[in-house]
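Just follow the structure's listing: the first ligand is 1, and inside any ligand the first atom is 1. Please read these numbers as outputs of a predicted model, since none were measured by experiment.
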Amino acid sequence: MSTAQIGLIGLGTMGAALALNIADNGFDIAVWNRTTARTKAFHKDAGALAKRVTPTETLEDLVASIKSPRAIILMVPAGQAVDDQIAALRPLLDADDIIIDAGNANFHDTNRRVAEAGDMPFLGIGVSGGEEGARFGPSIMGGGKRTYWDRVAHILTAIAAKHKGKACATWMGEEGAGHFVKAVHNGIEYADMQMIAEVYGIMRDGLGLDNKAIADTFASWDKGPLRSYLIEISGKVAGATDPETGKPMLDVIVDAAGQKGTGRWTVIEAQHLAAPVPAIEAAVVARNLSSQREARAAGEALFGAAPRHIAHDVLPLATLEEALIAGKILCYAQGFGMIEKASEEFGWALPLPAIAEVWRQGCIIRSDMLDDMATALRDDPDRNLMMAPRFAGMLKKSHGALRQVVAQAALHGMALPALSSGLAYFDAMRTARGTANMIQGQRDFFGAHGFARVDGGSGHHGPWGT
Ligand code: 6PG
């Protein structure tokens, strides 16, 4: 019986949560997993929602259970598994059935899969919000042909998070546009998390605050301009106790950050686009560096630990908060700048204000500030966000604090890669005459590359001799 309105393949954590969300929103869904035991367990655990779920044991059964024209979501690990799944599924489908890859795909792979699909419908959608988001309302960034998106938009908007009643699910553009926007989301996520971790480091090592005081500080910041999911959970992480030892949870977690790679993709792509995203780059580098634990320990033994203590009146908590506000604006300005560059480069017409809107709820970087960013981008999508009146005003007020924090951290031997790169970006972006004239002179000296003159014309050479 073909009764299901949609199908889903892959009942891992995210797939299972998304399937329940779809059922919870009143849609009948057929599901299939590589291991049937998992499918059965999922159906058994679905409780009252089980009646909306058709568990299937073969791909043929899955396809037969879905109403035509079909839509099937893939929630399998990014990479080869997606290609394998498409290859197994496509021969069973009709020409107008849609395959939707909702995993964290590299957008170049999505571009390729769209091309390989030819006239057969394929969508690549970025889904953010972790397990809870997938279950109760993620942020969804769609990519592929608009007509295919329109066919499934009623389901995707129903299951998405809502901001003041507006669904956080938007079509971003053709091909891999949805997965591209998701990658930039993750790049910003890395930088936002890194800046928070840097400020945590100052509170812990510089100001000597205990975990409770740190948790309370994040909780109080979560009531002000920094209000966001990441600040909220940082407070909760700082305040948690390890059930095994009774120690603060943070004190038993190894200081080496993992990564699945989406932040790295953002940085690689930013380099291809020549889009400056230094805070995101710094955040990826910081994760890589964090993994070198033995080398860091050897460095501390060789050079001695830094003299990290900072007096509270030198860096009050309010200064730290202001610095984080400045850092956050600068990091988002970079991320949106990269999206704008990609939009031109790939001919996608990416909707910058709508991207800010879709990130207001459901996703990991959701925050109050994104609402103001959406307004600023709607006023002028081509202007660097740091120049928009609202954010320029906030930066005028807060860049001094960022400077204070970066300077004190440098003096006391604490690394702040993301915050200091944010400050360097700010200073570079407000310097009308920079220093690249020296680089152009050097390039011309050793390679006769030529330079433009301030008094006009390009292709000039200096008097360097023959
Ligand atoms: C999201 C997250 C998610 C991401 C994980 C882990 O938007 O829900 O970005 O997609 O994959 O949070 O990412 P890393 O392992 O790269 O930190």
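Protein heavy atom closest to atom 8 (O) of ligand 1, with residue, atom name and distance, is G129 N, 2.9 Å. Among protein heavy atoms, the minimum distance from atom 7 (O) of ligand 1 is reached at S128 OG, 2.4 Å. Scanning the protein for heavy atoms near atom 17 (O) of ligand 1, the closest one is R287 NH1, 2.8 Å. The single protein non-hydrogen atom nearest to atom 16 (O) of ligand 1 is Y190 OH, 2.5 Å, given as residue, atom name and distance. Counting only heavy atoms of the protein, atom 12 (O) of ligand 1 lies nearest to E189 OE2, 3.5 Å. Closest to atom 6 (C) of ligand 1, if we only count protein heavy atoms, is K260 NZ, 3.7 Å.
When the shell of 6.0 Å around NZ of K166 is examined, it contains 12 or fewer heavy atoms from other residues, nucleotides or ligands.
Taking every heavy atom of H185 and a limit of under 4.0 angstrom, the matching atoms of ligand 1 come to 7 (O). In summary, the atoms of ligand 1 found under 4.0 Å from a heavy atom of N104, numbered by their order in the structure, are 3 (C), 4 (C), 10 (O), 11 (O).
Residue I364 has no nitrogen or oxygen atom sitting less than 3.5 Å from a nitrogen or oxygen atom of ligand 1, judged on distance alone. Considering backbone and side-chain N/O atoms, V127 never comes within less than 3.5 Å of an N/O atom of ligand 1.
Contact between G263 and ligand 1 is absent, with no heavy atom of the residue lying under 4.0 Å from the ligand.
For the residue pair E322 / Q404, no side-chain donor-acceptor distance below 3.5 Å is found, with atom types taken as modelled. In this model, no donor atom of one side chain and acceptor atom of the other lie less than 3.5 Å apart for E345 and H272. Checking E340 against N384 by side-chain atom types alone, no donor-acceptor pair falls below 3.5 Å.
Remark: D84 does not engage R34 in a salt bridge, criterion side-chain N to carboxylate O under 4.0 Å.
Among pairs with a residue in residues 203-214, those fulfilling salt bridge (Lys or Arg N to Asp or Glu O under 4.0 Å) read D205-R308, K212-D216, at least two apart in sequence or across chains.
A centroid separation of 6.0 Å or more is found between the aromatic rings of F180 and W265.
Judged by distance alone, with hydrogens and angles left aside, the side-chain atoms of Q334 form no donor-acceptor pair with the main-chain N or O of P276 at under 3.5 Å.
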